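Lettering follows sequence order; numbering is per chain, from 1. The structure presented is a predicted model; accordingly, all values stated were derived computationally and were not measured.
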Amino acid sequence: MPSLALNSTCDPGKSAQALSSLGQIAKTQATLLSCAAFRILPPFGICRNTLDRRQRYSILGYEKVKPTMSGQVVTRFAPSPTGFLHIGGARTALFNWLFARGRGGKFLLRIEDTDRERSSPEATDAILQGLAWLGLDHDGDVTSQFEGAERHAQVAKQLLSEGKAYKCFASQDEIAAFREQARSEGKSTLYRSPWRDVAVESHPDEPYVIRIKAPQDGTTVIRDQVQGDVTIRNDQLDDMILLRSDGTPVYMLAVVVDDHDMGVTHVIRGDDHLNNAARQMMIYQAMGWDVPVWAHIPLIHGADGKKLSKRHGALGAEEYQKMGYPAAGMRNYLARLGWSHGDDEFFSDAQALEWFDLDGIGKSPARFDTKKLENLSGQHIAVSDDAALLQELQDFLSATGEDCLGSKKSALMSTAMYCLKERAKTFPELLEKATFVIADRPLIPDQKAAKNLDAVSRCILKELTPQLQNASWSRDGLEAVTGTFAEAKEIKFGKMAGPLRAALAGRAVTPSVFDMMLVLGREETLARLNEAADKEPEVQDG
RNA sequence: GGCCCGUUCGUCUAUCGGUUAGGACGCCAGGUUUUCAACCUGGAAAGACGAGUUCGAUUCUCGUACGGGCUGCCA
């Protein structure tokens, strides 16, 4: 059953309903698609990815070999802890989460920390925090790839004993020299180890790595749900290293073993791994394991079209939280980046869960667009449940290191939320528009507001205030009083609005004056109006 | 260098060989209004290029250009 905890944008009752029907959809789909583990196909005819989305999809049903024991979809997100969770990683995680949870499957989290030099616990924490903010909860424990090293090595040794792998005694210098020369001569830099067929008896007593015996002719076809069939000639593949000379496994071995052991049915990851998939398939084949369904998604580029990297405009997920985007908006935006469901742009988590599928993923890289994020973000804020929104606002405040709202202010905030949330794209904007709630008397108007508190305006306020004293404190009542007043003075209501805003909020940009009065209540409203009418405003800088 | 992938408005995308190539963000104009915003209406805006297949190609094929990825005892 998909988790609902995150769905702050929907009416809880409705969501529960939607999700229970979703559970059924998920069930059917799970049976249908379940783990369509493909055999390694040698289709000599099909060697280009000429299949369109629908065909790619139909392949799934058509050629599926056998479902896993449980028939359940299992996906995983496997970041390497070398930095924060950037936007591309976040989206990969989202896709995996959506795919699994949308069909009642499991979403696993594995930290690929086999590179001890570059892995750090801080990075792991940052990634975990980013996922937590985005609400992408995983099943089971977070696993460390490094901790499976023994198991990985065992697989390498099994392959060695079965003659599917061999010891290679070539030194790193030797190989580096070879590559350099090959490159300078414009030749292939693929290293062909001379040790592949050397008898054990002739092995020296020196450090060695274990390399897989890659097939040297024929082709390997990656049946990718996003990219179509991708054919790679086996002579382009080298005998990759499985175990380093210090006995530790390399990533390429570890992923395969872990994905297999964890029962991963669908590997959804960045297309920088597309070529790797061919190499990894050699291990699946050698071990006689079922190959998972591949889905290599295009990378996200920066606004300038260049690759997004830590040095190039990529920000950690938590940076977006600090900028004040609601997680639901972020999820919506990220889902829509590279994936589509017809013309749907703005949708809830429940809808995304129901709609998300591999055949909706595009093949070309997308650029990150802040404007659209903001727009979606604003729409999510507008439809959010008031209480949930207030909570997320508090989280935002504490994430940015600011003081949370006290109980009095947050109570006022929640009554005001209805007139605030429809006009804010981000939390800072929401806060700005909520100045009338947050600020205490005496209010210090900003420059624009101060202009609306000149002598004439203050005079108007002075005369209006007594009328409000006995007004019925409802929208209609307030509109009637101010309307009558404006008529009597032969001024447009618009003339009064500016001063009222300035007096009530100290700002020129606020919710409707009536809403502010209603939220503030008679006493506070009159107090603010009197205060503003009585003295020339001190102007706040800026 | 070798191999692999990609290319529709500025951006995200729709399109199952026949559409005035649709939507969304942004932008511009107008309207409404209680400033700003929000909102409403309208507008400008795209098939990288060249061949081929076809009665017909954005769609299928090939080539070119451009972009990206991989090519590690990194992940």
Write down the distance separating the [atom1] atoms in [N] and [M], rounded off to the nearest Å.
{"N": "B:C25", "M": "B:U19", "atom1": "C1'", "result": "24 Å"}
{"N": "B:U54", "M": "B:G68", "atom1": "C1'", "result": "33 Å"}
{"N": "B:C27", "M": "B:U33", "atom1": "C1'", "result": "22 Å"}
{"N": "B:G43", "M": "B:G50", "atom1": "C1'", "result": "34 Å"}
{"N": "B:G26", "M": "B:A21", "atom1": "P", "result": "26 Å"}
{"N": "B:U41", "M": "B:G6", "atom1": "C1'", "result": "38 Å"}
{"N": "B:G47", "M": "B:A14", "atom1": "C1'", "result": "13 Å"}
{"N": "B:G22", "M": "B:U58", "atom1": "C1'", "result": "13 Å"}

Between [atom2] of [N] and [atom1] of [X], the distance in whole Å:
{"X": "A:F347", "N": "B:A24", "atom1": "CZ", "atom2": "C1'", "result": "11 Å"}
{"X": "A:R367", "N": "B:G68", "atom1": "CZ", "atom2": "C1'", "result": "12 Å"}
{"X": "A:I300", "N": "B:U11", "atom1": "CD1", "atom2": "C1'", "result": "13 Å"}
{"X": "A:L274", "N": "B:G68", "atom1": "CG", "atom2": "P", "result": "17 Å"}
{"X": "A:W355", "N": "B:A14", "atom1": "CH2", "atom2": "P", "result": "15 Å"}
{"X": "A:E374", "N": "B:A24", "atom1": "CD", "atom2": "P", "result": "19 Å"}
{"X": "A:K363", "N": "B:U7", "atom1": "NZ", "atom2": "P", "result": "7 Å"}
{"X": "A:W294", "N": "B:C5", "atom1": "CH2", "atom2": "C1'", "result": "16 Å"}

Of the nucleotides B:C4, B:U7, B:G23, which one has an atom closest to the side chain of A:S364? B:U7
Hunt down the Watson-Crick or G-U wobble partner of [N], both distances under 3.5 Å, from any strand shown, or write none.
{"N": "B:G30", "answer": "B:C40"}
{"N": "B:U19", "answer": "none"}
{"N": "B:G6", "answer": "B:C66"}
{"N": "B:U54", "answer": "none"}
{"N": "B:G72", "answer": "none"}

Hey, what are the protein-to-nucleotides 72-75 of chain B N/O distances that come in under 3.5 Å?
unit_1	atom_1	unit_2	atom_2	d
B:G72	OP2	A:R179	NE	2.8
B:G72	OP2	A:R179	NH2	2.8
B:C73	O2	A:S245	N	3.0
B:C73	O2	A:S245	OG	3.0
B:C73	N3	A:S245	OG	2.9
B:C73	N4	A:A170	O	3.4
B:C74	OP2	A:R244	NE	2.1
B:C74	OP2	A:R244	NH2	2.7
B:C74	O3'	A:R244	NH2	3.3
B:C74	O2'	A:D115	OD2	2.4
B:C74	O2'	A:R118	NH2	3.2
B:C74	O2	A:R118	NH2	2.6
B:A75	OP1	A:T114	OG1	2.8
B:A75	OP1	A:R244	NH2	2.5
B:A75	OP2	A:Y251	N	2.8
B:A75	O3'	A:E112	O	3.2
B:A75	O2'	A:S80	OG	3.1
B:A75	N6	A:N276	ND2	3.0
B:A75	N1	A:N276	ND2	3.3

Tell me the salt bridge (charged side-chain N to carboxylate O under 4.0 Å, His left out) pairs involving residues 488-505 of chain A, sequence neighbours left out? A:E463-A:K489
[X]: partners by ring-ring contact (aromatic ring centres under 6.0 Å, His included), with sequence neighbours left out:
{"X": "A:F95", "value": "A:F356"}
{"X": "A:F146", "value": "none"}
{"X": "A:H152", "value": "none"}
{"X": "A:Y208", "value": "A:F169"}

Please tabulate the protein-to-nucleotide N/O contacts below 3.5 Å involving nucleotides 28-34 of chain B, giving atom names and distances.
unit_1	atom_1	unit_2	atom_2	d
B:U34	O2	A:R501	NH2	2.1
B:U34	O4	A:S512	OG	3.4

Consider only side-chain N and O atoms of [X] and [Y], and report whether a donor and an acceptor are under 3.5 Å apart.
{"X": "A:Y333", "Y": "A:D369", "answer": "no"}
{"X": "A:N452", "Y": "A:S457", "answer": "no"}
{"X": "A:S193", "Y": "A:D239", "answer": "no"}

At under 4.0 Å between heavy atoms, what does [X] touch on the DNA or RNA strands: base, sugar-phosphate, or nothing?
{"X": "A:A366", "result": "sugar-phosphate"}
{"X": "A:R116", "result": "nothing"}
{"X": "A:K421", "result": "nothing"}

For A:E479, check side chain to side chain donor-acceptor pair (under 3.5 Å) against everything at least two apart and list the hits.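 Only A:R475 meet the side chain to side chain donor-acceptor pair (under 3.5 Å) criterion with A:E479.
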Does atom NZ of A:K451 have more than 12 heavy-atom neighbours from other groups under 6.0 Å away? no
N/O donor-acceptor pairs under 3.5 Å from side chains in residues 174-183 of chain A, not counting sequence neighbours:
unit_1	atom_1	unit_2	atom_2	d
A:E174	OE1	A:S171	N	3.4
A:R179	NE	A:T189	O	3.4
A:Q181	NE2	A:E185	OE2	2.8

Position toward the 5' end of RNA chain B (nearest nucleotide), A:K425 or A:R91: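 So the residue in question is A:R91.
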Please figure out whether A:I232 or A:E422 has its closest RNA chain B nucleotide nearer the 5' end.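 Mapping each residue to its closest nucleotide by heavy atoms, the 5'-most match is A:I232.
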Would you say the base of [N] and the side-chain of [X] have a donor-acceptor pair closer than 3.5 Å?
{"X": "A:K433", "N": "B:A37", "result": "no"}
{"X": "A:Q236", "N": "B:G2", "result": "no"}
{"X": "A:D343", "N": "B:G22", "result": "yes"}

Determine, stepwise, if the pair A:H380 / A:Y325 fulfils ring-ring contact (aromatic ring centres under 6.0 Å, His included). CA-CA 10 Å; A:H380 275 93; A:Y325 296 106; over 10 Å; no
